[in-house]
Amino acid sequence: METLNTIPTPNPYVPKTQLLKSPLFHSKFKPLLHKSNPKRTLLISITCKLQLPKKDKNVSKKIILSEVPPPPLAEDGGEKEEPPRDGGKKGVLSLVKKLPRKVLTVLSNLQLAIGEMFAIAALMALGTAIDQGEAPDYYFRKYPEDNPVLGFFTWRWILTLGFDHMFSSPVFLALLALLGTSLMACTYTTQIPLVKVARRWKFLYSVAAIRKQEFSDTLLKASIRDLGLILMGSGYEVYVKGPALYAFKGLAGRFAPIGVHIAMLLIMAGGTLSATGSFRGSVTVPQGLNFVIGDVMGASGFLSTPTEAFNTEVHVNRFYMDFYDSGEVSQFHTDLSLFDIDGKEVMRKTISVNDPLRYGGITMYQTDWSFSALQVLKDDEGPFNLAMAPLQINGDKKLFGTFLPVADADSPNVKGISMLARDLQSIVLYDKEGKFAGVRRPNSKLPIDIDGTRVVIVDAIGSTGLNLKTDPGVPVVYAGFGALMLTTCISYLSHSQIWALQDGTTVVIGGKTNRAKAVFPDEMDRLLDRVPELVESSTSKQYGG
């Protein structure tokens, strides 16, 4: 390495100039050094010849080394794109290389993403309006071709496009995939480059560039070191290089949009997994009977995979209800026991509404109840289990009924005692003529005589209504919503940047922020008021040469 001697300069921030010996330089040169006033610019002229391929002519280049500081950096910290080396020629290869960038640009378009979200919202609303998971005959009757909804919408639209299972239909999943791709493209093409630019240390060496910022001020007798200490005490990350200072805080706010995109992707991925990889089923089981989980569960999508827990047998030990003082039902309870394939009890729990049982990824909810049977004694004979049938009534009230024959059951005109119940706590009895005979509570052991027949209500046997499901997407959705709330709060953090340049005893300060623009000038004024003023003795000691 050969070092070119330079004339000493009073400016300590301008490095000495060095030239590297290169095989490209074939001419020997002697720099002409001109003595001049130290305040003038030192110019060194070098003329050399570059060895190029034979097909190109010799090109003469003139390099000027100057003592003047380099021009200020661009505010965005980016570098200018170099022109293509092939002279701008367009070929098949160049088009192929540019195609992914063009596709990413289209996918990251904001208007396209908004349109995708509106389309998904419209399909979700349509899925709410159309009953999901019904048999084809149901849609044949409700959406017939001879009376289409809105003049064109019939069962063919629903069954062809899969709108009977909207949230796992190909159209809905394709729109979710397209929106997810748009979010990833926006993150890759816009958000990540913005974060990279924000993380760069961007020193400005031009007073004009600093004064162009949203906020600018000048301290006549101050030190850039003192300013840096004040900024560090206020939570800024401070970097100093020679006479220049760069400080920032709130960089996490720049990462928030990326976090929001990731959270939305998690929510969509979890929802898709729930729609295509879960099992669902419902069953009504009388007290004392069993069922196998796998027998009542149905797959909801092509990703649904059964587990070992599907072989578990569930036994309903007891079903009972709580009542208000007015007689209305307040809560349902079901005592359940779970047995593995070897008949060993692996879990027991009494569930109720909003207190489900969870086992092996399967959740059992208490959702409904029914009246299974009425156990009675007839003339001290029995007990007999009379099946209770639901009766159709207006409103949401339930009504169940049964019949106890008191004559020859083979007779064409069988007469007997009718029994009605709205719940498990009281039974209303009617005689053979349909006249009211009385009310009895189960387990009261209080007999009642009706047309010479003595009846005792022994017990009311209820049935529990259970909903079972597996939903592997729930943890993913919860994680997505948690990340969305967190990153939304982080996005409110302001990313503030400050530049300063020492010019003798004068410090020029400039800054900008992406949020809280009205508060930023007041904050800067408070910080600058805390910067100490240099006294004459310390000034001469520091800058006195």
Side-chain angles (χ1 to χ4, degrees), residues 124 127-128 131-134 164-168 172-173 176 263 266-322 329-370 372 462-485:
M124 293 175 66
T128 304
D131 295 328
Q132 301 289 295
E134 300 291 343
D164 58 327
H165 51 280
M166 174 66 75
F167 304 104
S168 60
F172 188 82
L173 295 179
L176 280 183
L266 286 175
I267 294 171
M268 291 189 294
T272 302
L273 186 59
S274 296
T276 60
S278 60
F279 287 86
R280 298 181 185 277
S282 60
V283 62
T284 300
V285 187
Q287 176 179 302
L289 297 186
N290 304 349
F291 70 95
V292 177
I293 291 178
D295 294 340
V296 300
M297 300 284 277
S300 62
F302 58 92
L303 295 179
S304 301
T305 304
T307 62
E308 289 293 332
F310 278 49
N311 297 321
T312 303
E313 186 177 18
V314 181
H315 178 73
V316 180
N317 299 313
R318 185 188 175 204
F319 172 76
Y320 59 97
M321 295 185 293
D322 296 334
V329 177
S330 63
Q331 183 61 280
F332 318 134
H333 302 274
T334 305
D335 182 9
L336 299 175
S337 291
L338 276 61
F339 298 88
D340 61 14
I341 195 171
D342 297 324
K344 179 182 178 181
E345 186 179 49
V346 294
M347 187 176 183
R348 181 169 183 173
K349 181 180 179 180
T350 299
I351 68 172
S352 58
V353 178
N354 297 325
D355 184 18
L357 179 148
R358 293 181 173 87
Y359 173 75
I362 300 170
T363 306
M364 298 184 194
Y365 296 92
Q366 177 75 70
T367 57
D368 202 359
W369 70 277
S370 183
S372 176
S463 296
T464 179
L466 303 175
N467 271 6
L468 293 82
K469 74 168 187 175
T470 63
D471 197 341
V474 167
V476 183
V477 173
Y478 284 176
F481 275 108
L484 184 62
M485 291 187 289

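The first residue of the sequence shown is numbered 1, and numbering continues consecutively from there.
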Please round to the nearest 0.5 Å and tell me the distance separating atom [atom1] of [X] and atom [atom2] of [Y].
X: Phe310; Y: Ile293; atom1: CZ; atom2: CD1; result: 8.0 Å
X: Ser282; Y: Met364; atom1: OG; atom2: CE; result: 13.0 Å
X: Leu357; Y: Thr363; atom1: CG; atom2: OG1; result: 8.5 Å
X: Asp471; Y: Ile362; atom1: CG; atom2: CD1; result: 12.5 Å
X: Asp340; Y: Tyr359; atom1: CG; atom2: OH; result: 6.5 Å
X: Asn317; Y: Asn290; atom1: CG; atom2: CG; result: 9.0 Å

Original post:
Does atom CZ of Phe481 have more than 12 heavy-atom neighbours from other groups under 6.0 Å away?
Top reply: no
(request) Might you work through the side-chain contact (heavy atoms from CB on, under 4.5 Å) test for Leu468 and Phe291, ending with a clear yes or no? (result) CA-CA 12 Å; Leu468 293 82; Phe291 70 95; 4.1 Å; yes
Return yes if some donor-acceptor pair links the side-chain N/O of [X] with the main-chain N/O of [Y] below 3.5 Å, else return no.
X: Gln132; Y: Met166; answer: yes
X: Asp342; Y: Lys344; answer: no
X: Lys349; Y: Leu338; answer: no
X: Gln366; Y: Thr464; answer: no
X: Thr470; Y: Phe279; answer: yes
X: Gln287; Y: Gly462; answer: no

Work out which heavy atom in [X] is nearest to a heavy atom in [Y]; give both atom names and the distance.
X: Arg280; Y: Lys469; value: NH1-CD, 3.5 Å
X: Thr350; Y: Asp355; value: O-OD2, 4.2 Å
X: Ser168; Y: Leu173; value: O-CD1, 3.7 Å
X: Glu134; Y: Asp131; value: CG-CB, 4.0 Å
X: Ser352; Y: His333; value: CB-ND1, 3.7 Å
X: Phe167; Y: Ala275; value: O-CB, 3.0 Å

We want to know whether Ser278 and Ser300 form a side-chain donor-acceptor pair, criterion being a heavy-atom distance below 3.5 angstrom. yes
Under a 3.5 Å cutoff, is there a donor and acceptor pairing between the side chains of Ser330 and Asp322?
no
- Message: Is the ring pair Trp369/Phe332 parallel, tilted or perpendicular, if the boundaries are 30 and 60 degrees?
- Response: tilted
- Task: Would you check, one step at a time, whether the test side-chain contact (heavy atoms from CB on, under 4.5 Å) holds for Ile351 with Leu336?
- Result: CA-CA 8 Å; Ile351 68 172; Leu336 299 175; 3.8 Å; yes
